[in-house]
Amino acid sequence: MSPDVLTAPQTQAAPDVFRDEALPRLDLAAKHSRAKAETVERLKHAERFTEGGIPVQMDDGSTKMFTGFRCRYNTVRGPAKGGIRFHPDVSSAEVRALAFWMTFKCATVGIPLGGGKGGVIVDPRGLSERELERLSRGYMRGMADVLGPDIDVPAPDVYTNATIMGWMSDEFDTIKRGRYPGVITGKPVSRGGSLGRDDATARGGFVCLQEIEAKRGWNPKEITVAIQGFGNAGQHFARLADSVGYKVVAVSDSRGGIYDENGLDVKATIDTKNSTRRLPEVGRSVTNEELLELGVDVLVPAALENAITRDNAHDVKAKVLIELANGPLTKEADEILAQTDALVVPDILANAGGVTVSYFEWCQNISGYYWNLETVHERLGDIMSSAFNSVYDLMESEGVPMRTACYAHALNRLAEAME
Ligand code: GLU
């Protein structure tokens, strides 16, 4: 071997969120669970991964190709469940990681579903309404063979919504020549959707906040909250927290944020964001990085993966973090925060309200009997409170971070089903 080769720098493997961020959490938790080593090994592999090109006719008559993915990660506890993300940064590794997280999320809250996830590499904001519809229907045509109410059931995720779910559901019914409302959740209520699905992710996180409030004897009026990400989850969380008196002092979207130490007018902020697609120009403007480092009591990352990393974790001052996004903290950020007294309520618990009401929607679709909003809220509250307290107790008895306790709790349930 020539000396050149020996001294050549090691080529760094490209980052892979599944390998780098998802799997290590499993290994950590395995030490605190009853799962056999072979069960843990099996959970490192997806059952199936589908990728394909989606041709879409654009409004100008040209045809453009998009890449779509669907990962059926695990179906041991029930049909795979998880959203479809439309985003320019979607990758196969990200979809696999998100599907892995869904597997553990459904097990955490104890609903009889497995984990799946889908995605399309696209910036939907650059498409017309009709182009978006053709893309959504094209995705379903490509994936119809691997989806179904008892196989794998998609739902909304980042930049997808009820209208898109409605188009996909309609396309599936057309392909199969029947009515299969349980093939997809998060549909419009007029097309078999469930009441209460729209704010379910935030409401589940809000239940976690109220459990912490009870444990710590908080007076909401004295507690400040900052929210990174002002999409569906972030907006509804702000609204719910505000409704019981929490002081929402900062919010941000992808462009940046606003901060007012006396508390923002949450309703006006939501109205402006939804009518102009921008946050109002009130208070002091802050960057997304600054928002994460504010001296607030509660920080809610509600945007995308890897918002808090080893570069900024040391600067996080919040005492409680509620992860409404999937994967907002890297494992290195976890290690740094574990040295502090901050409580991190992990994504697979904190944002499980969305998939829980998706489960309710699927039940309603299968039985054909629809529930009122009160029933949805009551059952969601019961499931979230009970999962929160089981994980919290395990955290205290094992003396581990809440995320590790959560994975261990989920892993015990998965192991029970698999073994
Ligand atoms: N996309 C949401 C999540 O990450 C919801 C999934 C679902 O409702 O199936 O949990």
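Start at 1 and go down the list; that is how both ligands and their atoms are numbered.
Residue contacts with ligand 1, taken as heavy atom pairs separated by less than 4.0 Å, do not involve Glu361 at all. Of all the heavy atoms of Asn326, the ones lying under 4.0 Å from any atom of ligand 1 belong exclusively to the side chain.
Each of the atoms 1 (N), 6 (C) of ligand 1 lies under 4.0 Å from some heavy atom of Gly83. The atoms of ligand 1 that sit less than 4.0 Å from any heavy atom of Gly354 are 8 (O). Residue Asp157 approaches ligand 1 through these ligand atoms, each under 4.0 Å from one of its heavy atoms: 1 (N), 2 (C), 4 (O). Remark: ligand 1 atoms within the under-4.0 Å shell around heavy atoms of Lys117 are 1 (N), 3 (C), 4 (O). Using a 4.0 Å cut-off to heavy atoms of Lys105, the atoms of ligand 1 that qualify are 3 (C), 4 (O), 10 (O). Each of the following atoms of ligand 1 lies closer than 4.0 Å to a heavy atom of Met102: 3 (C), 4 (O), 6 (C), 10 (O).
Below 3.5 Å of separation, one finds an N or O of Pro156 facing an N or O of ligand 1. Distances between N or O atoms of Arg197 and those of ligand 1 include at least one value under 3.5 Å.
Scanning all protein heavy atoms for the shortest distance to atom 7 (C) of ligand 1 gives Ala155 CB, 3.3 Å. Looking at atom 8 (O) of ligand 1, its nearest protein heavy atom turns out to be Ser358 OG, 2.6 Å. Of the protein's non-hydrogen atoms, Lys81 NZ, 2.8 Å is the one closest to atom 9 (O) of ligand 1.
Taking the six-membered ring for Trp and thresholds of 30 and 60 degrees, Tyr180 and Phe172 have ring planes more than 60 degrees apart, a perpendicular arrangement.
Taking CZ of Phe237 as the reference point, atom CZ of Phe230 lies at 12.0 Å (rounded to 0.5 Å). With values rounded to the nearest 0.5 angstrom, Gln210 atom CD is found 6.5 Å from Tyr246 atom OH.
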Is there a side chain to side chain contact (heavy atoms under 4.5 Å, CB included) between Leu127 and Met58 once you walk through the steps? CA-CA 9 Å; Leu127 299 184; Met58 308 304 280; 3.7 Å; yes
Evaluation steps, side chain to side chain contact (heavy atoms under 4.5 Å, CB included), between Lys247 and Asp297: CA-CA 10 Å; Lys247 232 202 260 183; Asp297 299 304; over 6 Å; no
Evaluation steps, side chain to side chain contact (heavy atoms under 4.5 Å, CB included), between Thr272 and Leu279: CA-CA 6 Å; Thr272 306; Leu279 292 169; over 6 Å; no
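Across all non-hydrogen atoms, the minimal contact from Phe388 to Met402 is CE1-CE, 3.6 Å. The shortest heavy-atom contact between Val298 and Val300 is CG1-CG2, 4.0 Å.
Environment of CZ in Arg239: crowded, with over 12 heavy atoms of neighbouring residues, nucleotides or ligands closer than 6.0 Å.
Distances shorter than 4.0 angstrom occur between a heavy atom of Gly82 and an atom of ligand 1.
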